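For clarity, every value in this text was computed on a predicted model and none was experimentally measured. Sequence positions, counted from 1, serve as the residue numbers for this chain.
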Amino acid sequence: MSTVEDRLAALGLELPAAASPVANYVPAVRAGNLLFVAGQIPRDADGRLITGRVGDTMDVDAAYKAARSCALQALAAVKDAVGDLDRVTRVVRVMGLVNATPDFGEQPAVINGFSDLMVEAFGDAGRHARVAYGAGSLPGGVPVEVEVVVEVGERGL
């Protein structure tokens, strides 16, 4: 098991199986040392979609947890693409979408669920540039979708 996966295990977290694409795209594309991971949506422990609209049927705390689920999904996609999470040298950029009511303005607090897990997994190398957008809807009625760009090396951390 990798060092990153050991850290996740210490947090009581386990990587899910990497999700398969549901449309005409691939889960991750590598360009040089950068790995671009497609948007990840939250799933529960049984693999079912977590649904809801923040500010309506879901509060910030539940949406934060959904964003953490997106982070685990993203890490599974990274591992599937490069074979070992320890090859990640840096989390570069995160873009989060939050399915919320028009008056909701706490998108950064929701996407912190993803960002916090990246730092817990990778330490300082998990700190990244980020944007958090509000969205009127997301696929499957999920509350959050997050994409990530990571830098990959031969040995990583």
Pairwise distance CG(D103) to CG(D56) - rounded to 0.5 angstrom
10.0 Å
Treating Ile, Leu, Val, Met, Phe, Trp and Tyr as nodes and any side-chain heavy-atom pair under 4.5 angstrom as an edge, say whether V60 and V94 lie in one connected cluster.
yes
Please find the pair of heavy atoms, one from L85 and one from K79, that lie closest to each other, and give the distance.
CD2-N, 3.7 Å
Do you know the tightest heavy-atom contact between L75 and A121?
CD1-CB, 4.5 Å
Between T101 and R53, is any side-chain donor less than 3.5 angstrom from a side-chain acceptor?
no
For F36 and V148: C-alpha separation, side-chain torsions, deciding distance, then whether side-chain contact (heavy atoms from CB on, under 4.5 Å) applies.
CA-CA 6 Å; F36 295 79; V148 63; over 6 Å; no
Write down the atom of E145, the atom of P139, and the distance for their closest heavy-atom approach.
OE1-CD, 3.7 Å
Backbone of V150 reached by a side-chain donor or acceptor of R93 within 3.5 Å:
no
Please find the pair of heavy atoms, one from Q40 and one from A38, that lie closest to each other, and give the distance.
NE2-O, 3.0 Å
D86 side chain vs V4 backbone, donor-acceptor pair below 3.5 Å
yes
Taking all non-hydrogen atoms of both residues into account, name the closest pair between V54 and A63 and its distance.
CG2-CB, 3.6 Å
Do R127 and R90 have side chains that get closer than 4.5 Å, going by heavy atoms?
yes
4.5 Å side-chain heavy-atom contact, L35 and V82:
yes
Is there a side-chain contact (heavy atoms from CB on, under 4.5 Å) between K65 and I50? Walk through the geometry before answering.
CA-CA 10 Å; K65 291 174 184 166; I50 297 170; over 6 Å; no
Is R68 salt-bridged to E120, cutoff N-O under 4.0 Å?
yes
Is there side-chain contact between T89 and F122, with heavy atoms separated by less than 4.5 Å?
no
Could you tell me whether the side chain of N112 and the main chain of S115 form a donor-acceptor pair under 3.5 Å?
no
Residue pair L15 / L72: nearest heavy atoms and the distance that separates them:
CD2-O, 3.8 Å
Would you say the side-chain atoms of N99 pair up with the backbone N or O of V142, donor to acceptor, closer than 3.5 Å?
yes
Can V91 be reached from L11 by stepping across I, L, V, M, F, W or Y side chains whose heavy atoms are under 4.5 Å apart?
yes
A side-chain contact here means heavy atoms from C-beta on lying under 4.5 Å apart; do R43 and P16 qualify?
no
Looking at D46, I'd like to know if its CG atom is crowded, meaning that more than 12 non-hydrogen atoms belonging to other residues, nucleotides or ligands lie closer than 6.0 Å.
yes
Out of curiosity, F114 CZ to R130 CZ, how far, rounded to the nearest 0.5 Å?
10.0 Å
Is any side-chain heavy atom of V152 less than 4.5 Å from a side-chain heavy atom of L34?
no
Walk me through whether V146 and I111 qualify under side-chain contact (heavy atoms from CB on, under 4.5 Å).
CA-CA 8 Å; V146 186; I111 302 304; 4.1 Å; yes
In the single-linkage hydrophobic clustering (I, L, V, M, F, W, Y; side-chain heavy atoms under 4.5 Å), do V98 and Y64 co-cluster?
no
Do V29 and V92 sit in one hydrophobic cluster, given that two such residues count as connected whenever their side-chain heavy atoms are within less than 4.5 Å of each other, even indirectly?
no
Find out whether L49 and P42 are in side-chain contact, i.e. whether some heavy atom of one side chain is under 4.5 Å from a heavy atom of the other.
no
Can you find a heavy atom in the side chain of V110 that is under 4.5 Å from one in the side chain of F104?
yes
Side chains of L117 and L8 in contact at under 4.5 Å (non-hydrogen atoms):
yes
Taking NZ, NE, NH1 and NH2 as the nitrogens, is one of them in D84 or R87 under 4.0 Å from a carboxylate oxygen of the other?
no
